[in-house]
Amino acid sequence: DVVLTQTPPTLSATIGQSVSISCRSSQSLLDSDGDTYLNWLLQRPGQSPQLLIYSVSNLESGVPNRFSGSGSETDFTLKISGVEAEDLGVYYCMQATHAPRTFGGGTKLELK
Amino acid sequence: QVTLKESGPGILQPSQTLSLTCTFSGFSLSTYGMGVGWIRQPSGKGLEWLANIWWDDDKYYNPSLKNRLTISKDTSNNQAFLKITNVDTADTATYYCARTIAAPSRDFDYWGQGVMVTVSS
């Protein structure tokens, strides 16, 4: 199975600060169809996960544009440009290029 | 508006079969490219993908659960189902269903609220 390693495991930020989360894959996530199926999700406390970004850099509808995704092959980054209080929670990367789908271990974003 | 809601037994005993239902609205599993997946999360831990079922009845399972999983659907009633046989305490978790789209690919764009399942003797 593909192992996704997220760093850091915990991130402390102040409101307005920009932060980045890394997701490294044990295998290239570039699919034979040319797409890269790496998504980012946020799980707020007590809530279900929600999709933020799909296929590395595509912003899901309704997600604020302070969220952005980048990367290729095995190294991916989620950036939040100006953290807001509603952004607190656990962020997960997830890959769907290789079976079975796998998730990263999560990065908890908390207020400093 | 897309919504999904999971239902299940709440508590069951080791060795029993867990049956989960996902009732959804706002999309159809008879539409090309649509699918439903099941994901679980033990309390305080991360996410684990279990299975997907697609509009054409293609099914995919997580091999880590070996042959314990069966996913199915009832297109007429907008429902998807997951059965897990021979449960044990390690299956205690919140179980989510989520919509997935094959083309263009967008995995798990809508999630249910989750249903807590406890396996205990």
Side-chain angles (χ1 to χ4, degrees), chain A residues 1-7 9-10 21 23 29-63 67 69 76 89-108 110, chain B residues 1-7 22 24 26-27 33 35-54 58-69 71 82 93-116:
Chain A
D1 296 1
V2 171
V3 176
L4 298 178
T5 303
Q6 288 185 233
T7 54
T10 304
I21 299 170
C23 177
L29 298 184
L30 176 62
D31 194 75
S32 56
D33 66 4
D35 207 341
T36 300
Y37 298 108
L38 187 283
N39 301 341
W40 290 96
L41 303 99
L42 164 62
Q43 186 173 31
R44 296 186 177 97
Q47 295 188 18
S48 305
Q50 69 165 106
L51 181 65
L52 297 176
I53 288 174
Y54 62 96
S55 297
V56 181
S57 59
N58 295 280
L59 204 61
E60 174 66 0
S61 176
V63 174
F67 291 93
F76 303 92
V90 181
Y91 289 81
Y92 294 95
C93 56
M94 188 210 85
Q95 67 83 25
T97 298
H98 301 285
R101 285 161 168 78
T102 52
F103 293 86
T107 294
K108 184 176 183 180
E110 54 188 26
Chain B
Q1 181 188 2
V2 173
T3 64
L4 304 97
K5 186 174 183 179
E6 307 86 349
S7 58
C22 175
F24 55 85
F27 69 99
V36 167
W38 287 94
I39 304 99
R40 71 180 179 182
Q41 184 175 39
S43 180
K45 297 191 177 180
L47 300 163
E48 179 183 29
W49 173 75
L50 300 175
N52 278 9
I53 190 166
W54 295 98
D58 255 356
K59 301 164 187 174
Y60 296 89
Y61 297 102
N62 192 327
S64 70
L65 277 82
K66 298 177 183 175
N67 297 317
R68 299 173 54 214
L69 300 178
I71 193 170
L82 183 71
T94 295
Y95 287 76
Y96 298 99
C97 62
R99 187 179 79 164
T100 184
I101 303 176
S105 178
R106 243 162 73 226
D107 246 5
F108 309 143
D109 60 343
Y110 288 89
W111 292 64
Q113 64 190 26
V115 60
M116 289 186 60

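Lettering follows sequence order; numbering is per chain, from 1. From a predicted model like this one, the values you see are computed outputs, not experimental measurements.
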State, to 0.1 Å, how close B:W111 and A:S48 come at their nearest heavy-atom pair, and which atoms those are. CB-CB, 4.1 Å

Could you look at A:Q43 and say if it's the side chain, the backbone, both or neither that has a heavy atom under 4.5 Å from chain B? side chain

If you count heavy-atom pairs within less than 4.5 Å of chain A, which of B:S105, B:G46, B:G114 leads? B:S105

Neighbourhood of chain B inside residues 33-41 of chain A, taking heavy atoms under 4.5 Å as contact: A:Y37, A:N39, A:L41

Could you tell me if the side chain of B:N52 sits less than 4.5 Å from the side chain of A:R101, heavy atoms only? yes

Evaluate the side-chain proximity of B:W49 to A:M94: yes if any heavy-atom separation is below 4.5 Å, no if none is. no

Would you say B:N67 has more than 12 foreign heavy atoms packed within less than 6.0 Å of its CG? no

Interface check, chain A: of B:Y110, B:Y61, B:Y96, most non-hydrogen pairs under 4.5 Å belong to B:Y96

Kindly check if the number of other-residue, nucleotide or ligand heavy atoms within 6.0 Å of NZ (A:K108) is above 12? no

With rounding to the nearest 0.5 angstrom, report the OH to CD distance, A:Y92 to B:Q41. 4.5 Å

Contact part of B:L50 toward chain A, heavy-atom cut-off under 4.5 Å: side chain, backbone, both or neither? neither

